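Being a predicted model, the structure only gives us computed values, none of them experimental. Note that these values count all heavy atoms, side chains included, but never hydrogens, waters or copies made by symmetry. Numbers for residues simply follow the sequence, beginning at 1.
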Amino acid sequence: MEKKKVCIVGGGAAGMIAAIMAARNHAAVTVLEHNEKTGKKLLATGNGRCNLTNEKLEKSCYHSEQPKILWNVLQNFSFEQTLDFFKEIGIYPVSKNGYFYPSSMQASSVQELLEMEARFLKVKIKCKEHVKEIKISDTKESPKFSVVTDTWQYPADAVILACGSCASEIDGADGSGYTLAKQLGLKVINPLPALVPLKGKGNYFSKWAGTRIYGKIQLQAEQKTLQTEEGELQLTDYGVSGIPVFQLSALAAKLLQKQRSVTLLIDFLPDFTKKELEELFLKRNELCPYKTTKELCIGLIPKKLIEVLADKKTEISSLAEKIKAFPVEIVGTKPFSNAQVCQGGVSLEEISPETMECKKIPNLYLAGELLDADGICGGYNLQWAWSSGACAGKEAALW
């Protein structure tokens, strides 16, 4: 029986697992990758350690305009199946409080082993190939495809779009997949940065730039708290960053797009109530009556932050209030190049969640970050790539 020709646009996480699954199911697979090598964005994940997945997979960890479809896709290739897959190709997954990494703690291990497995299965990997257009024959029931690049046209019986988003500063993260999807008549929800630092309004940011501090943050719109996060914050010369900020940045971006007033309320000492903090300052003042209120902060909070929170005339009650609820008016996010992922993308209404096949165009499949699905930090976005890519690859191989 003749092998089905499957062409995959994109050699990232979703594209490579799709290639392996399609080849395992006896397809003749070609991967077209824009960059000079596969998995460039994968190499940067988890600070170069590659957080493969997370054992705590819950619906609340993901965002989409179609959350039920997203969740159905994740069931097609589960957390357990993901771990089994990586063990099969040579990764030894280890858990760090439920966050799974390769034992080597090197993202390069994941990239190398995915490519080794694909090449063993006779997958053709063509790098530096930028796809400009996907032509479809007039046969509606069983269309044939021609994937057009700058230099060639690749014939295919099935195509998988796994070309990622415009997030990341890595070359090739240009959002060209959205253009291809629109050319094919698919609905694309306006992409916005997610898992991204936030920019604030004010002239004090240069004073606290470079400070790291454990804190609690509340995202507010019109004085209503919508999301709360806690963890290490990075105070920057433009605003705030750090994992807690990333976790609520998607919501902040959406609110700003709707021209809502957005404020980040920061608690720099979440272990104290305001009353307890005032009592602490009074006690410190009793022990060292020669100190100003500003000087009472030394040894309690970082020095650069003191310059923002207090001066010689600041009273204890006012200082405690600022420490417990410091408002930062949010005016924007950093650009896509500073984002780890995008929110938005091709609507999940366009695909069948059981197969990842496009409802409008038979034998066209979609996977990965190109779709309207994004997760919080912690391996969730890679799990989406593995689940959607594995399913698309397996199904695309079937006649």
Side-chain angles (χ1 to χ4, degrees), residues 58-71 73-74 164-169 173-175 177-179 181-182 186-202 215-231 233-234 236 238-266 327-351 366 368-378 380-385 388:
E58 298 178 352
K59 293 179 182 179
S60 61
C61 299
Y62 289 93
H63 312 113
S64 174
E65 289 195 3
Q66 300 295 327
K68 289 183 180 179
I69 298 176
L70 186 158
W71 191 247
V73 171
L74 289 172
S165 71
C166 49
S168 173
E169 59 186 358
D174 55 5
Y178 304 133
T179 302
K182 288 177 181 177
L186 305 184
K187 177 184 176 182
V188 177
I189 297 164
N190 184 41
L192 294 171
L195 303 186
V196 65
L198 298 177
K199 297 191 293 185
K201 181 180 179 181
K216 185 176 181 179
I217 55 176
Q218 297 178 53
L219 184 69
Q220 295 188 334
E222 282 83 47
Q223 298 184 330
K224 181 180 178 181
T225 299
L226 302 176
Q227 188 174 341
T228 301
E229 300 290 340
E230 194 168 336
L233 306 173
Q234 297 173 33
T236 69
Y238 55 79
V240 285
S241 185
I243 288 178
V245 175
F246 291 169
Q247 305 291 47
L248 50 70
S249 62
L251 178 56
K254 279 188 176 180
L255 292 168
L256 290 167
Q257 186 190 40
K258 296 175 181 177
Q259 298 184 323
R260 299 277 296 277
S261 176
V262 179
T263 300
L264 203 63
L265 213 58
I266 307 178
V328 179
E329 183 181 346
I330 302 301
V331 295
T333 70
K334 292 291 275 183
F336 283 110
S337 59
N338 295 112
Q340 292 185 19
V341 296
C342 284
Q343 56 181 315
V346 178
S347 173
L348 294 183
E349 291 178 303
E350 298 284 7
I351 57 108
L366 296 97
E369 202 181 329
L370 179 65
L371 290 158
D372 173 35
D374 64 283
I376 61 174
C377 294
Y380 297 98
N381 290 290
L382 274 181
Q383 181 61 61
W384 169 255
S388 59

Colleague: Kindly indicate, with the supporting measurements, whether the criterion side chain to side chain contact (heavy atoms under 4.5 Å, CB included) is fulfilled by Leu70 and Lys59.
Modeller: CA-CA 9 Å; Leu70 186 158; Lys59 293 179 182 179; over 6 Å; no

Colleague: Spell out, as yes or no, whether a donor-acceptor pair under 3.5 Å connects the side chain of Tyr62 to the backbone of Tyr380.
Modeller: yes

Colleague: State the NZ-CG distance between Lys199 and Asn338, to the nearest 0.5 angstrom.
Modeller: 9.5 Å

Colleague: For Asn381 and Gly375, indicate whether the former's side chain and the latter's backbone hold a donor-acceptor pair under 3.5 Å.
Modeller: yes

Colleague: State the CD-CG distance between Glu229 and Leu264, to the nearest 0.5 angstrom.
Modeller: 10.5 Å

Colleague: If you count every heavy atom of other residues, nucleotides or ligands that lies below 6.0 Å from Gln259 atom CD, does the total exceed 12?
Modeller: no

Colleague: Side-chain contact, heavy-atom cut-off 4.5 Å: Tyr178 with Cys166?
Modeller: yes

Colleague: Let me confirm one number: the CG-CG distance from Leu255 to Leu226, rounded to the nearest 0.5 Å.
Modeller: 6.0 Å

Colleague: Are a donor atom and an acceptor atom from the side chains of Gln220 and Thr225 found within less than 3.5 Å of each other?
Modeller: yes

Colleague: Pro327 and Thr263: which non-hydrogen atoms are nearest, and at how many Å?
Modeller: CB-CG2, 4.1 Å

Colleague: Could you walk me through whether Ile69 and Ile351 pass side chain to side chain contact (heavy atoms under 4.5 Å, CB included), step by step?
Modeller: CA-CA 9 Å; Ile69 298 176; Ile351 57 108; 4.1 Å; yes

Colleague: Flag the pair Val331 / Leu256 as yes when at least one side-chain heavy-atom distance between them is below 4.5 Å, and no otherwise.
Modeller: no

Colleague: Evaluate the criterion side chain to side chain contact (heavy atoms under 4.5 Å, CB included) for residue pair Gln383 and Leu74; output intermediate values, then yes/no.
Modeller: CA-CA 8 Å; Gln383 181 61 61; Leu74 289 172; 4.2 Å; yes

Colleague: With the side chain counted from C-beta on, respond yes when Asp374 and Trp384 share a heavy-atom pair under 4.5 Å apart, and no when they do not.
Modeller: no

Colleague: Examine distances only and state if a side-chain atom of Thr333 and a backbone atom of Pro193 form a donor-acceptor pair shorter than 3.5 Å.
Modeller: no

Colleague: Where the side chain of Glu369 meets the backbone of Cys342, is there a donor-acceptor pair that is under 3.5 Å apart?
Modeller: yes

Colleague: So do Gln343 and Asp372 actually touch side chain to side chain, heavy atoms under 4.5 Å?
Modeller: no

Colleague: Report yes if the side chains of Ser64 and Leu348 come closer than 4.5 Å at any heavy-atom pair, otherwise no.
Modeller: yes

Colleague: With a sphere of 6.0 Å drawn around CD of Glu58, does it hold more than 12 non-hydrogen atoms of other residues, nucleotides or ligands?
Modeller: yes

Colleague: Please determine whether a side-chain nitrogen of the Lys or Arg among Glu350 and Lys187 lies less than 4.0 Å from a carboxylate oxygen of the Asp or Glu.
Modeller: no

Colleague: If you look at every heavy atom in Phe336 and Pro191, which pair is closest and at what distance?
Modeller: CZ-O, 3.4 Å

Colleague: Quick one: do Asn190 and Gln257 satisfy side chain to side chain contact (heavy atoms under 4.5 Å, CB included)? Show the steps, please.
Modeller: CA-CA 10 Å; Asn190 184 41; Gln257 186 190 40; 2.6 Å; yes

Colleague: Extract all donor-acceptor atom pairs below 3.5 Å that involve side chains of residues 246-253 and protein atoms in other chains or at least two apart in sequence.
Modeller:
unit_1, atom_1, unit_2, atom_2, d
Gln247, OE1, Cys377, N, 2.8
Ser249, OG, Leu195, N, 3.0
Ser249, OG, Val196, N, 3.1
Ser249, OG, Phe246, O, 2.7

Colleague: Can you find a heavy atom in the side chain of Ile266 that is under 4.5 Å from one in the side chain of Val328?
Modeller: yes

Colleague: Within the 4.5 Å heavy-atom criterion, are Pro244 and Glu230 side-chain neighbours or not?
Modeller: no

Colleague: With Ile217, which of Thr228, Leu265, Val240, Val245 fulfils side chain to side chain contact (heavy atoms under 4.5 Å, CB included)?
Modeller: Val245

Colleague: Taking all atoms of both residues into account, what is the closest heavy-atom pair of Gly242 and Gln234, and its distance?
Modeller: CA-NE2, 4.1 Å

